[in-house]
Amino acid sequence: MEDKTILITGGTGKVGTVLVNYYADKGYNVVFTSRSLLNIEKLKGKRSNVYGIQADFSQSNAVDDIISWLVESKLDVNYLINNARNIDALKVGDDGFISPENWIMEYQIDVVTPYLLSVGLSRKMSLKKIVNISSMYGVNAYNPTLYEGIHRFPLQYACAKASLIHLTRCLAVFFADSGISVNCISLGGISGRADRAFQERYAKLCPQRRMMKEEEVIGSVDFLISDESVYITGENIKVDGGWGIW
């Protein structure tokens, strides 16, 4: 396989870890970001084609530092997956109030950072494809019957993910003449963290009657990264087990 390099932000989370391992096994040069040096070392292991960068996207210089590191390391990124998360930004007060700081942090991570990375890499690298990872909550409002204490739902997450979907459309137009495709994937709930009661409530609201498995993230991402999706740009693909059709 020809030399290919992919950058995956939020590489040590549930989705990121699956994608890092998948593309590393396929022979790509995989660069991933994480806030934790310990998690970076655990995921990287002894693989020579995997590179970890410590980055906190709530910091204004994070994107510039990543691009500088890539240039200095002579790694030419061809594919970008914007997948970063920060659980701290999802905090909601007991009364349901979300602080301005958490609204701003969530938008910084979900909208501003993908924009800056996409534009920055397009100017310095041989970028071909961008895939943004959104959520079913960027498409649909939350369902109160799924949660306990619904007034504490992180509205900032849903609104930022909706903005990421529209950013995808706008960047698709912005990059059209450059030959860079930009698409988005809105994921349903992924099993692994939720308790049994939550999973049972979720199953009743989803046509496929279950939460998503981690490995089921790969297919849609890999399709959008592949040459088979050459004429697709500006799209949002819902991978949610049918959640959005009810």
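All figures in this text were calculated on a predicted structure; none of them were measured in a lab.
Look at Lys91 and Glu106 and you find no salt bridge, because none of the NZ, NE, NH1 or NH2 atoms lies under 4.0 Å from a carboxylate O. Contact check on Lys46 versus Glu41 returns no salt bridge, with no Lys/Arg side-chain nitrogen under 4.0 Å from an Asp/Glu carboxylate oxygen. Salt-bridge annotation for Arg152 and Asp95: absent, with no side-chain N of the basic residue lying under 4.0 Å from a carboxylate O of the acidic one. Using a cut-off of 4.0 Å between Lys/Arg side-chain N and Asp/Glu carboxylate O, Asp88 and Arg35 are scored as salt-bridged.
Of the N and O atoms on the side chains of Tyr28 and Asn49, not one donor lies less than 3.5 Å from an acceptor on the other residue. Side chains of Tyr23 and Asp222: a donor-acceptor N/O pair is present below 3.5 angstrom, by distance only.
For the pair Ser229 (side chain) and Ser226 (backbone), a donor-acceptor distance under 3.5 Å is present. With hydrogens and angles ignored, the 3.5 Å screen pairs no side-chain donor or acceptor of Ser181 with any backbone N or O of Thr233. The main-chain N or O of Lys213 is found under 3.5 Å from a side-chain atom of Glu216 such that the two form a donor-acceptor pair. The backbone N or O of Met136 sits nowhere less than 3.5 Å from a side-chain atom of Asp240 that would complete a donor-acceptor pair. A donor-acceptor contact shorter than 3.5 Å links the side chain of Asn183 to the backbone of Ile232. Judged by distance alone, the side chain of Tyr107 and the main-chain N or O of Cys159 form a donor-acceptor pair under 3.5 Å. With Lys4 contributing its side chain and Val77 its backbone, the two residues share no donor-acceptor pair below 3.5 Å. Here the side chain of Ser34 pairs no donor or acceptor atom with the backbone of Asn39 at under 3.5 angstrom. Between the Ser68 side chain and the Asp65 main chain, no donor and acceptor come within less than 3.5 Å of each other. A side-chain donor-acceptor contact under 3.5 Å links Asn78 to the backbone of Thr5.
The only option from Val182, Asp110, Leu224 that meets the side chain to side chain contact (heavy atoms under 4.5 Å, CB included) definition with Asn132 turns out to be Val182.
Side-chain contact between Leu146 and Phe198 is present, with at least one heavy-atom pair separated by less than 4.5 Å. Using a 4.5 Å cut-off on side-chain heavy atoms (C-beta onward), Thr9 and Thr113 make no contact. Counting only heavy atoms from C-beta outward, the side chains of Ser186 and Lys161 never approach each other to under 4.5 Å. For the pair Ser122/Ile180, a side-chain contact is recorded, criterion being any heavy-atom separation below 4.5 Å from C-beta on. Residues Ile98 and Pro154 fail the side-chain proximity criterion, which asks for heavy atoms closer than 4.5 Å. Put simply, the side chain of Ile40 does not reach to within 4.5 Å of the side chain of Leu38, judged on heavy atoms. At a threshold of 4.5 Å between non-hydrogen side-chain atoms, the residues Glu235 and Arg169 do not count as touching. The side-chain heavy atoms of Val217 and Val239, taken from C-beta on, include no pair separated by under 4.5 Å.
Going from atom CG of Asn82 over to atom CG of Leu164 covers 7.0 Å, rounded to the nearest 0.5 Å. Atom OG of Ser134 sits about 3.5 Å away from atom CD1 of Ile165, to the nearest 0.5 Å. Rounding to the nearest 0.5 angstrom, the gap separating the CG atom in Asn102 from the CG atom in Leu155 is 12.0 Å. A distance of 7.0 Å separates OG1 of Thr12 from CZ of Phe32, quoted to the nearest 0.5 Å. Taking CD from Gln208 and OH from Tyr202, the interatomic distance works out to 9.5 Å, rounded to the nearest 0.5 Å. One finds the CG atom of Leu43 at 5.5 Å from the CG atom of Asn21 (value rounded to the nearest 0.5 Å).
Using the six-membered ring where Trp is involved, Tyr137 and Tyr147 have ring planes that are tilted, between 30° and 60° apart.
Contact record, Ser58 with Met105: CB-CG, 4.2 Å, taken as the closest heavy-atom pair. Pairing each heavy atom of Val50 with each of Ala24, the nearest pair is CG2-CB, 3.6 Å. The shortest non-hydrogen separation linking Gly244 to Asn140 is CA-OD1, 3.5 Å. Across Tyr142 and Pro144, no two heavy atoms sit closer than the pair O-CD, 3.6 Å. Closest non-hydrogen pair, Trp243 versus Pro207, comes out as N-CD, 3.8 Å. Pairing each heavy atom of Ser135 with each of Tyr157, the nearest pair is CB-OH, 3.2 Å.
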- [ ] Please step through side chain to side chain contact (heavy atoms under 4.5 Å, CB included) for the pair Phe57 and Val112, ending with a clear verdict.
- [x] CA-CA 9 Å; Phe57 291 117; Val112 178; over 6 Å; no

TODO: Go through the steps to decide whether Val15 and Leu187 satisfy the test side chain to side chain contact (heavy atoms under 4.5 Å, CB included), and finish with yes or no.
DONE: CA-CA 10 Å; Val15 172; Leu187 299 176; 3.9 Å; yes

Open item on the list: Set out, in order, the CA-CA distance, both residues' side-chain angles and the distance that settles side chain to side chain contact (heavy atoms under 4.5 Å, CB included) for Leu121 and Leu70, then state yes or no.
Closed with: CA-CA 10 Å; Leu121 291 175; Leu70 289 166; 3.8 Å; yes

- [ ] Kindly determine whether Asn143 and Arg201 satisfy side-chain hydrogen bond (donor to acceptor under 3.5 Å, both in side chains), including the steps that lead there.
- [x] CA-CA 11 Å; Asn143 189 324; Arg201 292 195 300 272; over 6 Å; no

Open item on the list: Checking Ile130 against Leu127 for the side chain to side chain contact (heavy atoms under 4.5 Å, CB included) test, could you report, in this order, the C-alpha distance in whole Å, the side-chain angles of both residues, the deciding distance, and whether it holds?
Closed with: CA-CA 8 Å; Ile130 300 168; Leu127 192 61; 3.8 Å; yes

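Under a hydrophobic-cluster definition in which Ile, Leu, Val, Met, Phe, Trp and Tyr are linked whenever side-chain heavy atoms come within less than 4.5 Å, directly or via other members, Val71 and Tyr51 are assigned to the same cluster. Leu167 and Phe174 fall within a single hydrophobic cluster, where Ile, Leu, Val, Met, Phe, Trp and Tyr are joined by side-chain heavy atoms under 4.5 Å apart, directly or via other members. Under the 4.5 Å side-chain heavy-atom criterion for ILVMFWY residues, a single connected hydrophobic cluster contains both Ile109 and Ile87. Clustering ILVMFWY residues whenever any of their side-chain heavy atoms sit less than 4.5 angstrom apart, transitively, puts Ile237 in a cluster other than the one holding Val139. When hydrophobic clusters are built by joining Ile, Leu, Val, Met, Phe, Trp and Tyr residues whose side-chain heavy atoms come closer than 4.5 Å, directly or via intermediates, Tyr115 is not grouped with Val173.
Residues satisfying the salt bridge (Lys or Arg N to Asp or Glu O under 4.0 Å) criterion with Glu228, sequence neighbours excluded, are absent altogether.
Taking a 6.0 Å sphere around CD of Glu215, one finds it holds more than 12 heavy atoms contributed by other residues, nucleotides or ligands. More than 12 non-hydrogen atoms from other residues, nucleotides or ligands lie less than 6.0 angstrom from CG of Asp195.
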